[in-house]
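Everything on this sheet refers to the single structure shown next.
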2 protein chains.
Amino acid sequence: MQIDRSKDNHLKSLTNHIATLFHLSPQDAELFLSQFSQTVLKKNDVFVAEGQVCNKVGLIEHGLMKCVYNKEGEEVVFEFAHEGNFISDYYSFVTNTPSEKEIRCLEDTTLYVITKEKLQTLAIVHPFIESLSRTMNERLFLQLHDRLKSMLLDDAQQRYQQLLVQRRDLAQRIPQYLIASYLNVTPETISRIRKKMSI
Amino acid sequence: MQIDRSKDNHLKSLTNHIATLFHLSPQDAELFLSQFSQTVLKKNDVFVAEGQVCNKVGLIEHGLMKCVYNKEGEEVVFEFAHEGNFISDYYSFVTNTPSEKEIRCLEDTTLYVITKEKLQTLAIVHPFIESLSRTMNERLFLQLHDRLKSMLLDDAQQRYQQLLVQRRDLAQRIPQYLIASYLNVTPETISRIRKKMSI
DNA sequence: CACATTCATTGACCTACATCAAGAACGCTG
DNA sequence: CAGCGTTCTTGATGTAGGTCAATGAATGTG
């Protein structure tokens, strides 16, 4: 049932997406994305390994990834990313320290990748990259802020319900035990919450 | 025992601090700070009220402030800020939405304040402001990241111990019940942790 | 189709931390 | 220094959510 589009069409759609997101002209957005190189990964492939300095940012064209801490053998989900999202261990990226997280594909994933070095080189020539970086930092800040706020103020059920509202699409593609981990509870707790809510 | 310095000396010290923090030339740092206006607040004075859009950033010269959520009448500490720190509800600042937090002085506080509008005007004339904003966003991101990480991975005792190591100076100026709130536990829990650690 | 694997559910029980209530130890300020 | 508000401590008890273990459902694979 899916229409097979050319790589160019996909890229075009991503370009529009980026232009809108960062208030760029179509030309700037195209210039920006033309510096990325395409990477194709299979389900369970690792994009960033724990212990490696993350010096790259990906922009997902198609697919789904998770970014997780390893806490004594248990995965603790830090973030999910899907079509149109950027993915990186941005903490490692900024601080140049080894990543304490792992980024891995939950589905077959195609993404466009650019290195930190290339980004910095670009920023020198094209001032709009600096402004784009600022906006991106802002977005990352807002995301983290929302997450921290709900950890500080809400209980497990409230967090789950908010997730269902705010990221319903994601919640349907991701196994419940990973949702649980993202909400910082056990799968059993999610199961009981669902029962209580009779979903 | 304290040496009484002139206002100019204080400002000079802040200017150096900012220059170092953001890799600015002394000239740029001075130019930047010259756009701020001094505000003097007493203990318990409100800097940002809940419900008001926060369109300003303060830089603390002397004193201590808290930034708190109000959760059903209970304060939940989001952040503390003291000498040399910037203070704002940056979420409200960026999104132009009413602040859900209150920022209030824990001690008599002197700070330098600049409005969002002025900052934006400045950025047009002086490109270094844009880069400074990016760096500031980055720092805010890293701060939130650390906090979220410890909420996800650590228990109350670990969070308390890390606070003692990372912000010992702060911990000594702030009542324990606010430390507790910052760590998202009750004062009783902190008291019991201290007993167990025999501090 | 049989079998394995992976995920979700449920129940019994446990634990970290919260809540409530009562003192104790500080400051202040008159 | 007496008295009072504020913070900290301690004990008794409650609870959200964790852990462990068993069972089911759903999915993939030879």
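Every chain is numbered from 1 and lettered A, B, ... according to where its sequence line falls, protein lines coming before strand lines. Side-chain atoms are counted along with the backbone in the values below, which use heavy atoms only and exclude waters and symmetry mates.
Of the listed nucleotides (C:dA18, C:dT9, D:dG17), D:dG17 has the atom at the smallest distance from the side chain of A:Thr189. Listed nucleotides D:dG17, D:dT7, C:dA8 differ in distance to A:Asp155; the shortest reach to its side chain belongs to D:dG17. Residue B:Ser191 places its side chain closer to D:dT9 than to any other of C:dA18, C:dT10, D:dT9. The side chain of A:Arg192 has D:dT19 as its nearest neighbour among D:dT19, D:dG17, D:dG11.
Using a 4.0 Å heavy-atom distance criterion, B:Pro175 is classed as a sugar-phosphate-only contact. Using a 4.0 Å heavy-atom criterion, one finds that B:Thr186 contacts the bases of the nucleic acid, with or without backbone contacts as well.
Contact annotation: B:Lys195 side-chain N/O to D:dG11 OP1/OP2 distance is under 4.0 Å.
Nearest heavy-atom pair across B:Asn184 and B:Val76 is OD1-CG1, 4.5 Å.
Figure legend: A:Arg159 and A:Tyr182 shown without cation-pi pairing, the cationic atom not lying both under 6.0 angstrom from the six-membered ring centre and within 45 degrees of its axis.
With a 6.0 Å radius and a threshold of 12 heavy atoms from other residues, nucleotides or ligands, A:Glu188 has its CD atom above the threshold.
One atom, CZ of A:Arg159, and another, P of D:dA16, lie 14 Å apart when rounded to the nearest Å.
With the nearest nucleotide of DNA chain D identified for both B:Glu188 and B:Tyr177, B:Tyr177 has the one nearer the 5' end.
For the residue pair B:Tyr112/B:Glu61, the side-chain donor-acceptor check at 3.5 Å is satisfied.
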